[in-house]
Amino acid sequence: MPRMSAALAVPAAVLLLVGLQSGPAGADARPAGEPAVGTGCSYAGRVTLDTTYNPTTGLYELDDPKRGHHRTYDLHGATGGNGTLFTDADNVWCDGGRQEAGVDAHYAASVVWDYYLDTHGRRGIYGDGRGSCSRVHYGNNYANAFWDALTGCMTYGDGTDNRQQIITIETAAHEMTHGVTSATAVLDYSGEAGGLNEATSTIFAAAAEFFAHNPNDPGDYLIGERTGINGTTVRGWMDKPSKDGASKDYWYPGIGNVDVHYSAGPADHFFYLLAEGSGPKVINGVAYDSPTYDGKPVRGIGLSAAEKIWYRALTVHMTPRTNYAAARAATLRAAGELYGEGSGQYAAVAAAWAAVNVK
């Protein structure tokens with residue numbers, strides 16, 4: 001499995017299979033139950049959970065009827081299969097222990113579903129209204145998360161010593177977005193396309209975090225700031241990716257030979273500049289100071305416009321072998337379609353790409 005980057009990535013071998021997966025395993029055979037609304041205690045505070053009451057067992061299940069019956073399972077340390085569906089007697093999911101990771105995953109998945117639906121009109125990873133699933137407590141001392149094509153699930157370990165926080169809105173959005181990418185542009189997971197694949201997950205993970213408006217996990221352009229995966233507080237910065245010591249701020253010939261987690265840097269940087277602009281600023285209490293390749297300032301157009309441009313570029317214009325030059329063309333075309341070629345948004349896309357040396 002390749003090293004996981006800035007916001008948790010997916011192994012190339014797994015990702016390439018996602019296009020063959022039409023939906024999560026067993027999606028068409030899920031039993032009917034009674035929709036219910038519970039509450040849970042998560043890393044993000046007390047949250048609302050959409051669940052299903054099973055009249056046969058008399059238990060509530062982490063099965064979300066509002067979001068295509070997205071289900072959350074406990075793998076009990078296994079590395080295969082679905083494990084067991086989380087259940088609870090009173091629909092107040094605050095028992096702690098193994099249940100806590102299930103609550104985190106179920107809540108985060110609901111946020112990401114709502115983000116894609118409310119912002120982009122997309123109904124689930126596959127765009128067909130069917131939910132996927134989440135699996136927690138994967139393996140032993142597994143300090144990461146990944147999108148699993150064979151099960152159509154986000155899968156999460158428990159970290160070193162099985163005690164680290166792995167599951168967040170950002171993590172879930174990153175992994176679910178790998179599924180979205182594979183259902184749309186099917187970007188390769190190597191070369192420049194691989195960097196753009198990784199960047200797409202980072203971009204929409206940040207966007208989903210802002211969308212959630214959760215005061216316990218406010219939106220930011222940091223990567224991995226609430227996970228304990230590597231024992232550090234922050235593992236990546238979209239405003240200046242090179243701060244991690246390996247990622248690239250700007251495009252250069254040969255960047256496609258770099259690990260995809262590091263070659264994603266120019267696209268991460270582009271998106272930050274497009275949304276927020278260059279120079280020093282404070283957003284939600286976090287200080288940023290984004291440089292530009294040519295030294296020229298860039299004025300941001302706001303996250304709302306930037307995310308719509310990237311989404312349209314991804315789902316309409318990008319292809320498996322899209323490189324940085326083609327990504328520039330795709331985003332310019334998307335901006336023109338959404339706002340007009342004479343718009344400020346169109347000009348900002350061109351300026352932000354120039355600022356990361358893509359012309």
Side-chain angles (χ1 to χ4, degrees), residues 18-19 112-129 173-174 176-188 191-211 219 221 238 251 264 266-278 290 292 296-359:
V18 177
V112 181
W113 175 287
D114 290 350
Y115 166 72
Y116 273 107
L117 179 61
D118 293 357
T119 306
H120 305 296
R122 186 175 190 85
R123 298 175 63 242
I125 287 175
Y126 308 99
D128 59 5
H174 188 103
M176 293 174 82
T177 297
H178 276 303
V180 171
T181 297
S182 293
T184 54
V186 200
L187 286 166
D188 287 345
E192 292 190 19
L196 292 166
N197 190 321
E198 269 301 306
T200 296
S201 282
T202 298
I203 286 166
F204 290 127
E209 204 175 58
F210 277 102
F211 169 84
Y221 295 97
M238 294 178 72
W251 181 87
D268 293 340
H269 192 188
F270 157 81
F271 187 83
Y272 173 86
L273 288 167
L274 181 63
E276 304 295 347
S278 60
S290 192
T292 61
K296 297 179 180 179
V298 172
R299 184 173 182 177
I301 60 174
L303 177 58
S304 178
E307 66 190 341
K308 290 178 176 63
I309 289 170
W310 192 272
Y311 180 80
R312 182 167 180 83
L314 174 74
T315 58
V316 178
H317 301 303
M318 291 188 187
T319 66
R321 295 187 179 181
T322 292
N323 59 14
Y324 269 99
R328 177 183 183 276
T331 50
L332 280 170
R333 188 171 177 183
E337 291 164 346
L338 290 170
Y339 303 105
E341 292 187 5
S343 65
Q345 292 90 339
Y346 186 93
V349 169
W353 279 123
V356 297
N357 198 34
V358 179
K359 303 174 183 177

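Bear in mind that the values here come from a model prediction, so they are computed numbers and not experimental data.
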Do V358 and F270 touch side chain to side chain, with heavy atoms closer than 4.5 Å? no
Only distances under 3.5 Å count here; give the side-chain donor-acceptor pairs of residues 301-309 to other protein atoms, sequence neighbours excluded, each with its distance to 0.1 Å.
{"residue": "S304", "atom": "OG", "partner": "K308", "partner atom": "NZ", "Å": "3.1"}
{"residue": "E307", "atom": "OE1", "partner": "Y115", "partner atom": "OH", "Å": "2.8"}

I'd like to know whether H178 forms a side chain to side chain contact (heavy atoms under 4.5 Å, CB included) with E198, so could you lay out the CA-CA distance, the side-chain angles of the two residues, the decisive distance to 0.1 Å, and finally the verdict. CA-CA 8 Å; H178 276 303; E198 269 301 306; 3.1 Å; yes
Quick check: does any side chain N or O of N197 sit under 3.5 Å from a backbone N or O of L187, one acting as donor and the other as acceptor? yes
Between OG1 on residue T331 and CH2 on residue W353, distance to nearest 0.5 Å: 5.5 Å
Contact summary for G277 and S290, nearest pair of heavy atoms: O-CB, 4.2 Å
Expected output: side-chain E192 to main-chain Y324 donor-acceptor under 3.5 Å: yes
Rounded distance (nearest 0.5 Å) linking atom CD of E341 with atom CD of Q345: 13.0 Å
T177 side chain near I203 side chain, heavy-atom distance below 4.5 Å: no
Does I125 offer a backbone N or O that forms a donor-acceptor pair with the side chain of R122 under 3.5 Å? yes
Whether the side chain of T322 engages the backbone of T319 through a donor-acceptor N/O pair (distance < 3.5 Å, no angle test) should be reported. yes
Using side-chain heavy atoms (C-beta onward) and a distance below 4.5 Å, is W251 in contact with R328? no
Of the non-hydrogen atoms in M238 and F271, which two are nearest, and what is the gap between them? CE-CD2, 4.1 Å
Residues forming a ring pair (Phe, Tyr, Trp, His ring centres under 6.0 Å) with F210, sequence neighbours excluded: Y221
Closest non-hydrogen atoms of A334 and A313, given as atom of the first, atom of the second and distance, are CB-N, 3.8 Å
When you measure from the side chain of S278 to the backbone of P297, do you find a donor-acceptor pair of N or O atoms at a distance under 3.5 Å? no
For V356, which of D268, T292, L273 qualifies under side chain to side chain contact (heavy atoms under 4.5 Å, CB included)? L273
All heavy atoms of M318 vs all of A330, minimum pair found to be CG-CB, 4.1 Å
Is there a side chain to side chain contact (heavy atoms under 4.5 Å, CB included) between V349 and L274 once you walk through the steps? CA-CA 6 Å; V349 169; L274 181 63; 3.9 Å; yes
Would you say that T119 contacts Y311 through its side chain, given a criterion of any heavy-atom pair below 4.5 Å between the two side chains? no
Interatomic distance, H317 atom NE2 to L332 atom CG [nearest 0.5 angstrom]: 10.5 Å
